[in-house]
Amino acid sequence: MIQKLPVQERRIVYKHVDEEGYTNDIECYLKNGGYEVMKKAYQAQPEDLRQEVLNSGLKGRGGAGFPTGMKWKFVDHKSGKPIYLICNADESEPGTFKDRQLIYQDPHQLIEGMMISAFANNCAQAFIYIRGEFINGARILENAIEEARAKNFLGDDVLGSGYSCEITVCRGAGAYICGEETGLIESLEGKRGYPRVKPPYFPAVLGLYQCPTIVNNVETLCQVKHVIDMGGDEFAKIGVKGDSGTHIWGVSGHVQRPGYYEIEAGACTFGDLLHDFCGGPLPGRQFKALIPGGSSTKVLKWGEKFKVKHPNDGQEYEWGVEDIPLDAISIGLCGTFLGTGGSIVMDDSTDMLEALANLNAFYGHESCGQCTPCREGSLWLEKLSGRMTSGKARPEDVPLLKDIADQVAGRTICAHGEAVAWPVQSAVPKFQDEYLDKISKQASGQRYNPAGYPLI
Amino acid sequence: MDLSEQTLEKIEKTIAKFPKKRSAMLPILHLIQEEKGYLDPEAEEWVAAKLEVTPIQVREVVTFYPMYRQKPIGKVHVKVCRTLSCALVGAYKVCEKLEEELKCKRGETSADGKYTIEFVECIADCGKGPVVQVDDKMYELIKPEKAGELAEEIKRMAEAGPEAVATAQPGTPGFKG
Ligand SMILES: Cc1cc2nc3c(=O)[nH]c(=O)nc-3n(C[C@H](O)[C@H](O)[C@H](O)COP(=O)(O)O)c2cc1C
Ligand code: FES
């Protein structure tokens with residue numbers, strides 16, 4: 001029997017992802033109406049296109065959620081220097097796997113979105129910085145670019161408009177920090193991916209080669225195509241006030257059907273996502289914790305209650321984790337972030353201290369090493385939680401974890417400092433009872449939660 | 001340094017795509033590593049001359065990025081994702097099983113030079129975890145019970161010539177790599 005879902009997906013950028021018979025070549029894209037929006041856009045004035053994006057309320061999908069139209073407004077058009085567009089295809093936030101599908105399955109949608117964005121901002125050249133591990137993804141993009149060039153969708157005098165723009169693909173080499181936009185820019189200049197100090201190095205003014213630069217995520221640039229297609233005002237009607245459009249929820253970990261689901265902002269709750277779309281917990285298990293939007297976002301715990309007053313309707317609510325609506329505003333009210341929409345689900349078989357140690361090991365490995373608090377702090381956290389999970393924990397280590405994290409956040413050049421601190425700062429108060437219980441039982445030499453897999 | 005005509009041609013084409021030569025650093029290092037297997041001081045000096053920078057400016061890049069190597073590795077490169085989403089569904093067990101089957105510890109190359117096993121951080125395929133990237137191919141949903149099967153496939157790759165290990169073709173399971 002087919003069960004009817006109470007909420008349906010609303011696929012806009014994922015319209016053709018996993019579609020039977022859909023291929024990533026230009027013929028298939030053209031057959032499905034590809035590049036028509038771009039043709040229309042190239043008849044318009046660039047500033048009108050920018051206004052549409054501003055009106056749409058589209059926010060960046062790379063994690064920080066900055067309004068795209070606003071970002072474009074900050075671009076310095078008067079300097080006389082070339083303006084560059086960079087597509088951030090680094091997709092390296094743990095738990096995030098949404099851009100991968102767009103790159104591998106629908107590369108021309110990204111190219112169309114980029115060529116519209118480049119034209120709208122008078123960009124001299126565009127780049128796709130793709131993570132090094134997407135080896136075939138880079139090949140697919142290179143191939144798609146050549147196909148698009150052959151049809152004059154990029155290159156010289158695009159579609160007879162007099163506007164010329166190239167897209168160049170650059171593969172990274174395994175460093176998470178190159179997802180941070182200024183680290184990315186340094187990397188694209190052929191250097192170590194050390195993030196830059198802002199101010200003065202705001203990309204919109206002093207970006208690539210010290211020229212005005214726009215850095216946007218893959219999904220953001222794909223969404224731009226649909227903003228221009230629908231018109232900004234129409235796009236703004238999708239979703240909720242303050243968070244328009246759809247979000248791709250990539251769910252991983254302990255659910256029956258992990259995967260990706262494109263859902264209108266605010267159309268359903270975490271409960272709907274995890275039960276109806278993802279099939280609920282594994283047999284015999286119960287949900288315990290959720291990292292909502294990529295590993296850096298603050299963890300939520302089943303049983304927590306969030307008392308909020310919603311700015312959109314002025315109403316007061318008391319939500320459990322499963323009641324939180326899937327939009328950036330509501331999730332923000334619960335003290336965490338929508339981030340990249342990469343939700344990591346943990347059930348009651350999870351050893352929460354090992355889970356924290358796993359993430360600490362990630363951040364310890366990925367700190368670029370420029371700022372002392374992040375370089376030292378992330379390594380201390382990695383070593384401390386590594387020791388704590390190897391049977392040598394002391395009760396006083398628990399507050400010490402948070403103490404270290406407190407001294408990292410807000411003291412670094414880029415937001416990697418927050419990324420290091422937030423998992424610890426949010427997990428320690430919520431799960432310290434479990435940590436202490438584990439510590440009190442560690443002498444037995446047995447694994448604390450033997451039903452779950454080892455996480456470190 | 002002797003590089004194949006093909007690689008040299010690709011390098012020239014790559015440099016031409018960037019407004020400044022130095023921006024071609026990462027792609028060129030990938031190209032050389034793909035041909036030579038690793039990046040030695042000679043390669044660093046060659047790239048420095050090519051991009052008109054100093055050798056130390058190349059070395060600082062080579063030593064910063066995890067994907068560049070200064071030593072040769074085994075014939076087949078096995079990367080097991082260890083980050084949380086994959087770990088929650090058994091990645092650590094998968095790695096142990098592969099280590100056992102291939103007689104090779106993580107972070108090392110097997111004595112016969114056939115395999116290098118590495119633990120890597122999230123490779124953006126978390127919904128299909130545990131995932132293992134073998135050269136440029138991606139193997140998804142490798143539950144610990146299935147690790148033995150994958151080990152057999154990896155052994156076949158090591159036996160076959162380099163052609164069999166080369167580029168994954170569209171439509172094959174590995175193409176997502
Ligand atoms: C440590 C760190 C890692 C990041 N990684 C990524 C990434 O992999 N992909 C991405 O699009 N943005 C990433 N970002 C966010 C970018 O800095 C930037 O905000 C984003 O690319 C802007 O695009 P958007 O406005 O379209 O979201 C990262 C930020 C930080 C601090
Ligand atoms: S955690 Fe393994 S692919 Fe993301």
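Chain identifiers are assigned alphabetically (A, B, ...) following the order of the sequence lines, protein sequences preceding nucleic acid strands; residue numbering begins at 1 within each chain.
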Which residue out of A:G95, A:G259, A:G369 racks up the most heavy-atom pairs below 4.5 Å with chain B?
A:G95

Side chain, backbone, both or neither: which part of A:F127 has an atom under 4.5 Å from a heavy atom of chain B?
side chain

Can you tell which part of A:I177 gets under 4.5 Å to a heavy atom of chain B, answering side chain, backbone, both or neither?
side chain

Using non-hydrogen atoms and a 4.5 Å limit, figure out which bit of A:E186 sits close to chain B: side chain, backbone, both or neither.
neither

Please classify the contact between B:P19 and chain A as side chain, backbone, both or neither, with a heavy-atom cut-off of under 4.5 Å.
both

Under a 4.5 Å heavy-atom criterion, the part of residues 30-58 of chain B in contact with chain A comprises B:H30, B:E34

So for A:E366, is it side chain, backbone, both, or neither that comes closer than 4.5 Å to the heavy atoms of chain B?
side chain

Is A:R149 atom CZ crowded by more than 12 heavy atoms from other residues, nucleotides or ligands, each under 6.0 Å away?
yes

Tell me whether A:E93 contacts the main-chain N or O of B:A124 through its side chain, where contact means a donor paired with an acceptor under 3.5 Å.
no

Using the salt bridge (Lys or Arg N to Asp or Glu O under 4.0 Å) criterion, which residues pair with B:E99? Sequence neighbours excluded.
B:R106

Roughly how far, to the nearest 0.5 Å, is the CE atom of B:M67 from the CD1 atom of A:I135?
5.0 Å

Under the side chain to side chain contact (heavy atoms under 4.5 Å, CB included) rule, what do A:R100 and B:M138 come out as? Steps first, then yes or no, please.
CA-CA 12 Å; A:R100 168 189 277 276; B:M138 202 73 169; 3.5 Å; yes

Would you say A:R192's side chain and B:E60's backbone share a donor-acceptor pair under 3.5 angstrom?
yes

Check: B:M25 and A:E189 side chains under 4.5 Å, non-hydrogen atoms
no

Contact class of A:C368 relative to chain B, heavy atoms under 4.5 angstrom:
both

Can you find a pair of side-chain heavy atoms, one from B:C122 and one from A:S92, that are under 4.5 Å apart?
no

Could you walk me through whether B:L26 and A:R171 pass the side chain to side chain contact (heavy atoms under 4.5 Å, CB included) check?
CA-CA 7 Å; B:L26 271 69; A:R171 249 178 81 208; over 6 Å; no

Sort out for me which of A:G132, A:G253, A:G193 touches chain B most, counting heavy-atom pairs under 4.5 Å.
A:G193

Applying a strict 4.5 Å limit to non-hydrogen atoms, the region of A:V255 in contact with chain B is neither

If I take atom CG from residue B:D125 and atom OH from residue A:Y104, how far apart are they, to the nearest 0.5 angstrom?
8.5 Å

Do B:K17 and A:E166 make a side-chain contact, defined as non-hydrogen atoms from C-beta onward lying under 4.5 Å apart?
no

Residue-level contacts of residues 341-348 of chain A with chain B, using a heavy-atom cutoff under 4.5 Å
A:I344, A:V345, A:M346

For A:S187 and B:F64, run side chain to side chain contact (heavy atoms under 4.5 Å, CB included): C-alpha distance rounded to whole Å, both residues' side-chain angles, the deciding distance at 0.1 Å, then the answer.
CA-CA 10 Å; A:S187 183; B:F64 183 80; over 6 Å; no

Contact list (residues 78-94 of chain B to chain A, heavy-atom gap under 4.5 Å, by number) returns B:R82, B:T83, B:L84, B:S85, B:A87, B:L88, B:V89, B:G90, B:Y92, B:K93

Tell me, for A:A361 versus chain B, whether the close heavy atoms (under 4.5 Å) come from the side chain, the backbone, both or neither.
both

Are more than 12 heavy atoms from other residues, nucleotides or ligands located less than 6.0 Å from atom NZ of B:K105?
no

With a 4.5 Å limit on heavy-atom distance, are the side chains of A:H365 and B:E121 in contact?
yes

As a quick check of understanding, evaluate side chain to side chain contact (heavy atoms under 4.5 Å, CB included) for B:I123 and A:F97, giving each step before the final call.
CA-CA 8 Å; B:I123 19 189; A:F97 50 100; over 6 Å; no

Least distance between heavy atoms, B:P66 atom then A:A175 atom:
CD-N, 4.0 Å

Need one label for A:I291: side chain, backbone, both or neither, based on atoms under 4.5 Å from any heavy atom in chain B.
side chain

Given a strict heavy-atom distance threshold of 4.5 Å, which part of A:S295 is in contact with chain B: side chain, backbone, both, or neither?
neither

